[in-house]
Amino acid sequence: MVLKVYNTLTREMEEFVPLQGKKVNMYVCGPTVYDHCHLGHARSYVSFDVIRRYLIYRGYDVNYISNITDIDDKVIYRAKETGEDPFALSAKFTGSFIEDMDTLSVLPPDSRPKVTEHIPQIIEAVETLIQNGTAYVTRKGNVYYDLTKSGEKIGVLSHQTAEGLLEGSGSRVDVEDDKRYQLDFALWKVAPEDEAGWDSPWGRGRPGWHIECTVMSMKYGSQQLDIHGGGMDLIFPHHEAEIHQSESCTGKHPFSKYWLHNGFLTIDKEKMSKSLGNFFTIKEILKKFPAGTIRFFITYTHYRSTVDFNEEALEEAGRARKRLLNTISNIRHELSEAPEDGNDCGLLDLTEQTKDGFIRAMDDDFNTREAIGELFVFSRKVNSIMAYEKPGKASLENALDFYSEINEVLGIFEDNKSASPEENICELSEDDILEMIKIRDEARDNKDWKKADAIRDELKEKGIVLEDGKVGVRWRREN
Ligand code: AMP
Ligand code: ZN
């Protein structure tokens with residue numbers, strides 16, 4: 001089976017072949033930390049976490065880099081509003097972001113560089129661009145990348161003409177009046193004395209937004225990346241700017257072989273964003289839903305699709321995930337009573353086939369929706385096998401190992417770090433259930449049918465189904 005990915009650069013599905021054997025340098029743009037992160041951010045980082053985990057699963061040696069934009073106009077404006085020191089403010093929200101990612105089981109990157117810790121390297125890169133003639137310094141002391149030098153490369157990632165880009169250039173294109181060409185982007189911006197800034201050959205200032213990613217991807221990864229990722233809104237100008245300045249710095253093309261972009265998480269069909277004010281922070285949502293449910297909600301959609309957020313959708317995700325968790329719990333329970341060397345009752349083949357289906361789906365541009373679909377079918381079949389047959393220990397252990405294997409990639413069965421109360425598979429422990437069954441058996445022996453039925457009903461309410469058979473009562477968690 002061959003892994004294929006959708007490459008924004010070519011707008012095609014391509015076979016994934018890294019630049020150097022099994023080594024994968026993967027860079028994902030990190031957040032601008034001026035507030036708590038919202039669910040849209042979670043969408044991006046959980047999606048790329050799954051992609052990273054799957055590459056590892058497929059035997060790649062992944063070096064994952066994700067930066068922190070800890071100085072930027074937004075940080076400075078917010079600090080002015082709140083009267084805080086901008087560095088203290090961004091440090092606080094960096095901590096909040098890392099905590100959220102940890103709660104959502106997003107693996108920490110191999111490198112998490114911060115802009116403020118890389119100013120000398122950024123100045124060096126800007127100097128390289130000035131020296132090779134692709135950047136210019138204005139009278140005010142701003143430095144811009146000269147896009148007219150990029151010629152044919154304009155629109156390389158957004159697949160638009162310069163005219164189209166000019167027309168559509170939104171708030172993320174710098175609008176300073178001392179640029180030569182409207183699409184030129186800032187590499188270094190003059191900073192007034194009362195704002196955060198650093199000395200440079202062009203005066204006191206701070207980096208433009210795009211240059212940090214060029215510098216950090218080179219320092220912690222390579223001059224040429226295998227995968228560069230981020231949300232769709234970063235395609236232009238951010239990622240295109242990265243291509244222009246990186247390729248100009250190194251003379252190497254392509255800056256990144258594959259460009260992957262996640263779709264938006266929306267509310268009422270509108271992108272969730274701080275600027276629109278239609279956001280829920282990850283922390284707010286965690287008060288209502290377990291981390292595992294949030295992760296499942298995000299993962300049960302293909303990373304390029306749009307996912308519309310509302311509480312009902314999260315509740316539904318929680319129920320769907322619970323069905324899978326219940327099956328895992330049922331297998332564990334069945335295992336405690338399974339014959340040591342019993343027949344596998346078709347379970348081994350079924351597990352193998354499902355694993356193939358899982359890999360096939362994930363190889364298709366990380367199609368998590370289909371991959372989880374395979375898991376639902378598998379779980380239904382496993383439950384049915386367990387209801388009618390008595391599979392042996394080895395096959396049940398194999399099925400459990402398979403769920404763990406899947407979890408290594410999707411991370412959807414982890415929930416222990418949730419800030420909200422764990423959504424219990426069932427409030428009752430196995431011991432509680434066995435105790436209740438014992439009491440019911442005694443009631444039945446005493447022909448106290450009312451009590452026996454009441455216990456059965458109570459268990460049913462808590463998701464435990466009793467099956468009276470010839471050899472006694474068996475129980476399972478409801479699916
Ligand atoms: P920002 O801090 O705004 O630069 O965002 C950090 C990352 O989160 C970028 O890759 C964004 O594209 C992504 N992102 C922000 N909002 C959303 C959203 N509503 N849906 C999906 N991704 C988002
Ligand atoms: Zn970036």
Side-chain angles (χ1 to χ4, degrees), residues 8 26-49 51 64-75 78 90 93-94 96-97 100-101 104 106 109 111-115 118 122 125 157 170-172 185 187 207-221 225 227-246 255-256 259-282 285 294 297-299 301-310:
T8 311
M26 178 171 180
Y27 185 95
V28 174
C29 293
T32 306
V33 280
Y34 68 103
D35 204 340
H36 294 294
C37 280
H38 58 66
L39 217 52
H41 296 116
R43 209 276 157 114
S44 187
Y45 300 117
V46 167
S47 298
F48 285 106
D49 181 55
I51 291 174
Y64 189 93
I65 309 146
S66 194
N67 63 311
I68 299 277
T69 304
D70 60 347
I71 195 75
D72 160 281
D73 292 349
K74 288 181 189 153
V75 173
R78 176 58 59 89
S90 61
F93 290 120
T94 302
S96 163
F97 167 68
D100 290 345
M101 292 303 106
L104 292 174
V106 171
S111 308
R112 188 164 9 223
K114 300 187 185 84
V115 184
H118 294 80
I122 289 174
L157 195 63
S171 60
R172 280 187 149 179
F185 54 86
L187 297 166
W209 174 30
H210 319 301
I211 192 71
E212 65 187 72
C213 293
T214 287
V215 167
M216 292 171 184
S217 60
M218 283 184 208
K219 174 157 186 211
Y220 296 93
L225 299 169
I227 296 180
H228 196 313
M232 272 167 43
D233 54 331
L234 298 192
I235 295 175
F236 181 84
H238 186 54
H239 286 166
E240 267 200 25
E242 284 188 38
I243 293 177
H244 297 305
Q245 68 203 10
S246 302
F255 165 50
S256 179
W259 285 86
L260 272 51
H261 292 100
N262 65 272
F264 291 142
L265 182 132
T266 56
I267 289 200
D268 294 330
K269 311 276 181 272
E270 227 175 339
K271 183 193 167 210
M272 181 180 282
S273 75
K274 298 232 171 87
S275 48
L276 291 174
N278 61 348
F279 65 92
F280 288 97
T281 65
I282 298 170
I285 301 294
I294 301 172
F297 171 70
I298 293 169
T299 310
T301 320
H302 185 243
Y303 76 95
R304 283 196 293 120
S305 314
T306 303
V307 53
D308 201 44
F309 165 81
N310 53 61

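Indexing begins at 1, ligand by ligand and atom by atom, following the structure's order. None of these values were measured; they are calculated from a predicted model.
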Going by distance only, is there an N or O of Met272 that falls short of 3.5 Å from an N or O of ligand 1? yes
Can any side-chain N or O of His244 pair as donor or acceptor with the backbone N or O of Ala241 at less than 3.5 Å? no
Against Phe309, only a single residue in Phe279, Phe280, Phe264 fulfils ring-ring contact (aromatic ring centres under 6.0 Å, His included); can you say which? Phe280
With nothing but distance in play, are any N or O atoms of Gly231 less than 3.5 Å from an N or O of ligand 1? yes
Close-contact set for ligand 1 against His38 heavy atoms, below 4.0 Å: 16 (N)
Is a side-chain donor or acceptor of Asn67 paired with a backbone partner of Pro113 at a separation under 3.5 angstrom? no
Under 3.5 Å, N or O to N or O, is Gly40 touching ligand 1 that way? yes
Please work out whether any backbone atom (N, CA, C, O) or any side-chain heavy atom from C-beta onward of Lys274 is under 4.0 Å from ligand 1, and answer side chain, backbone, both or neither. neither
For a quick check under 3.5 Å, do Glu270 and Asn278 share a side-chain donor-acceptor pair by atom type? no
With heavy atoms and a 4.0 Å threshold, my read on which part of Asn262 contacts ligand 1 is side chain
Ligand 1 to Leu234, heavy atom cutoff 4.0 Å, flagged ligand atoms 9 (C), 10 (O), 12 (O)
Those residues at least two apart in sequence (or on a different chain) that pass side-chain contact (heavy atoms from CB on, under 4.5 Å) with Ala42 are Leu39, Leu104, Ile282, Ile298
Flag, side chain of Ser273 to backbone of Leu276, donor-acceptor distance under 3.5 Å: yes
Suppose I only count heavy atoms of Gly230 and a 4.0 Å limit; which atoms of ligand 1 are within that range? 10 (O)
Do the ring planes of His36 and Phe93 sit parallel (below 30°), tilted (30 to 60°) or perpendicular (above 60°)? perpendicular
Test item: Ser246 side-chain N/O and Ile243 main-chain N/O as donor-acceptor pair under 3.5 Å: no
May I ask whether His261 has any heavy atom positioned less than 4.0 angstrom from an atom of ligand 1? no
Basic-acidic side-chain contact under 4.0 Å: Asp233, Lys271: yes
Strictly distance-based, threshold 3.5 Å: is any side-chain N or O of Ser47 a donor or acceptor partner for the main-chain N or O of Tyr303? no
Which of these, Ser66, Ser273, Ser44, Ser275, has its nearest heavy atom closest to atom 13 (C) of ligand 1? Ser44
Out of Phe309, Tyr45, Phe48, Trp209, who is nearest to atom 7 (C) of ligand 1 when you count heavy atoms only? Tyr45
Considering the heavy atoms of Gly263, write down every atom of ligand 1 situated less than 4.0 Å from one of them. 21 (C)
Using the six-membered ring wherever Trp is involved, compare the ring planes of His238 and His210 and label them parallel, tilted or perpendicular (cut-offs 30° and 60°). tilted
Under 2.8 Å from the Zn ion (ligand 2), protein N/O/S atoms total 4
Restricting to non-hydrogen atoms, name the atom on Asn262 and the atom on Arg43 that form the minimum distance, rounded to 0.1 Å. ND2-CD, 4.1 Å
